[in-house]
Amino acid sequence: MDAVERANVERQKRWVKDQKVGEGTYAVVYRGREASTGRKVAIKKIKVGQFKDGLDMSAVREVKYLRELKHQNVIELLDVFSSKTNLNLVLEFLDSDLEMIIKDRSLVFLPADIKSWMAMTFRGLEFCHRNFVLHRDLKPNNLLIASDGQLKIADFGLARDFADPGYKMTCQVITRWYRPPELLFGCRYYGTAVDIWSVGCIFAELMLRTPYLAGESDMDQLKTIFRALGTPTEQDWPGHTKLPDYITVGQFPKTPLRDLFTAASPDALNLLSKCLIYEPRRRISAKDALHHQYFFAQPHPSYPSKLPKCATQLATAQPLEEVDANVDMESTVAGGKGGPIKARPKRKLNSPYDDSKSRSIARRLDFTQPIPGS
Amino acid sequence: MASRSWLQGKTVKKGGAVGSNGHTRPTTPQVQSTSTTIFGGGVKDPSGRTAEYFSMDDQCPVCKSDRYLNPKLRLLVSSCYHKMCESCIDRLFTLGPAPCPICNTVLRKLAFTPQTFEDLGVEKEVAIRRRIAKEFNKRREDFNDLRSFNDYLEQVEDIAFNLINDIDVPETEKRIAVYKAANAALITLNLQREEAYALALKEQEEFERHEREQRAAELLREEETERAEKEKERQEIIDKLETSEKDAAKLIAKSRANTLKRSSNRVSSMSRLGLGVDYAKMLKTRSKTASTVLDVPHVPFQDNWYSFEDMYVLKPGGYDDLYSETVRKDREGIMRGGGYRVEEAWERALRFAVAGLDLLPLEGLDPTSEGIQIEPSLVGGDIVLAS
């Protein structure tokens, strides 16, 4: 056993894996704890064997950037070790995310709560940008909430560092509803402004409690944006007609944000409008946003521990058995009795909390394993 | 697809295009049904009407007449899932049961239903599943454990699959009969339960609709009274101005205050009515819990990153390096449109150059003095020291 292997085994011993809490395309997430202190952690086991050309790109990115970033509002990568052929990332354990909180209709947000979440998001993002890292996948689903209420930016699977001049970047990043117009126009040279647009969308979503710019396709996304904010003119956004995938999707007039956000304070709308400026160079930076009047005005941002929390948390997810029995006969009959009565708000399909997904997993599990407790 | 042989001879369409949607009309015309349905074909929409499949390419596989020859052509589906036109059905089956011209199954005139789906395979599957679901209606509660429930579901799926694909039909029918005999009581019980559930659902819907209507009526009435009040008040002011000798401005202000009081009364009575009373209550509890810990004013940063002055500034005119040449050339072009800032690249280069050394950036360095040797080309013109 050489020195490297010995070091690895030593590290592996520091952590104990408990039960599985989730599964993604390229990783399985386990709940775990530190052997010496009992501190809760999440262990993300990356499936290496499945990919012909080595390690998945997003795993590389995640390790690369999280290794460098340590901040109160960025998820902490505690350790990395390998077991057999798998790569394991030991991350902070966080029990809920902002999407769950937004969707939980039993919670009421005060303006101060939204201010607090926004301040924490901007702080975390500013820290990334200060270190020349673009996150490129900001959405409520990737903003995790710690048990003490602190918001932490997670999932650096699409992150990259700020490009050197002349290097192209891909425009196929950021979940569609949070994607800025320059990426939709296929721009290959962009900067920190792409993340600010996403934060603007999240800000709007926190106030509306429903996704702000929900397009059904990339084309529809552009149309949705323009319908909400007006079609940009050459004056609003110089040079946008020269972008690679530029396309006209129709003329829409500008409507004041006030029409939709009737209850928002003028400061909040001012910050929101600055996050959603079409010209990326004029869009507010994370640093300037933190100095915006909105954050200093009354009411003060809520103290993190007082922020509303989800009752149903990740750890106490539904037992598998219950989910499985939902497979009812009605669903196989076309035009039969109406399905479930409660209409769920529509959500994008890649959400890990989507019903259909968890059901299919549970069903698969059931046939390969004996059911505990039956 | 050998098991689908019953589909053969069905789609003889113009131009050989099988299942082309090209000429399908977007809105299906509602044809008055002449034949009643006996085996459950034809899927009804919520309003109870049967949507019929209709295509300009329709052709009767038996008499080969099509929509051009017979604009009123209407194809119906037999219980063996073969299509034929109404005139063929009349011709063949009016005199009593006769064999199907395609597969020789003995058919009756009544055993034809309108077609709902373009693909008859789907038509058949829907009919079979509907029939199966009526009999195999056990629920999770009827089983002791999940495993046996899943086994049961598996078995039901098996039967449905066999019937759909015509595998061992007699034996499967026997299985169904056995099951039906064994579980007759439970089946009827579950049927009743389902009916009760559907009824409850309908009642709830009805109740909600009623409530909505009431609320709308309430709002309308509110508006009405508000308008009437306004009118009355205006009249009052005019009257008072006419009769009394007091100051006009004072009178107006007084009546304004009165209105305000009245309207606030109205709002509070409205919220009592149930318009968002829940949210108001939740908001109250939230703000009560919120006041236990004091909120602190916003602090932009919680570290001291920006409290140090940078020991360098970027050269005002920019740098003339090889890499950024492409960007600098295209000042107004695509890089500008996308928000790329070459200044950030320069800043990163400078920061990385000095930060990794764990030195304060270029502290006390004078390019002319002795000491640490720095590339003269780097310091000489390109980095501007902060004074």
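Labels below follow one simple rule: chain letters A, B, ... track the order of the sequence lines, proteins then strands, and each chain is numbered from 1.
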Given heavy-atom pairs under 4.5 angstrom as the criterion, report whether the side chain, backbone, both or neither of [X] touches chain B.
| X | value |
| --- | --- |
| A/Gln298 | neither |
| A/Ser116 | neither |
| A/Lys287 | both |

Q.
Aromatic contact between A/Phe122 and A/Tyr294, with the criterion being ring centroids under 6.0 Å apart: yes or no?
A.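 When the ring centroids of A/Phe122 and A/Tyr294 are compared, they turn out to be at least 6.0 Å apart.
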Q | Residue selection (most heavy-atom pairs with chain B, distance under 4.5 Å) from A/Ala297, A/Ala112, A/Gly191 | A |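 Most heavy-atom pairs within the cutoff with chain B belong to A/Gly191.
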Among side-chain atoms of [X] and [Y], is any donor-acceptor pair under 3.5 angstrom?
| X | Y | value |
| --- | --- | --- |
| B/Asp303 | A/His71 | no |
| A/Tyr190 | A/Arg136 | yes |
| B/Asp142 | B/Asn190 | yes |

Q) Quick one: do A/Lys306 and A/Asp113 make a salt bridge, cutoff under 4.0 Å? A) no
Q | Max heavy-atom pair count under 4.5 Å with chain A, selected residue of B/Ala345, B/Ala160, B/Pro297 | A | B/Pro297
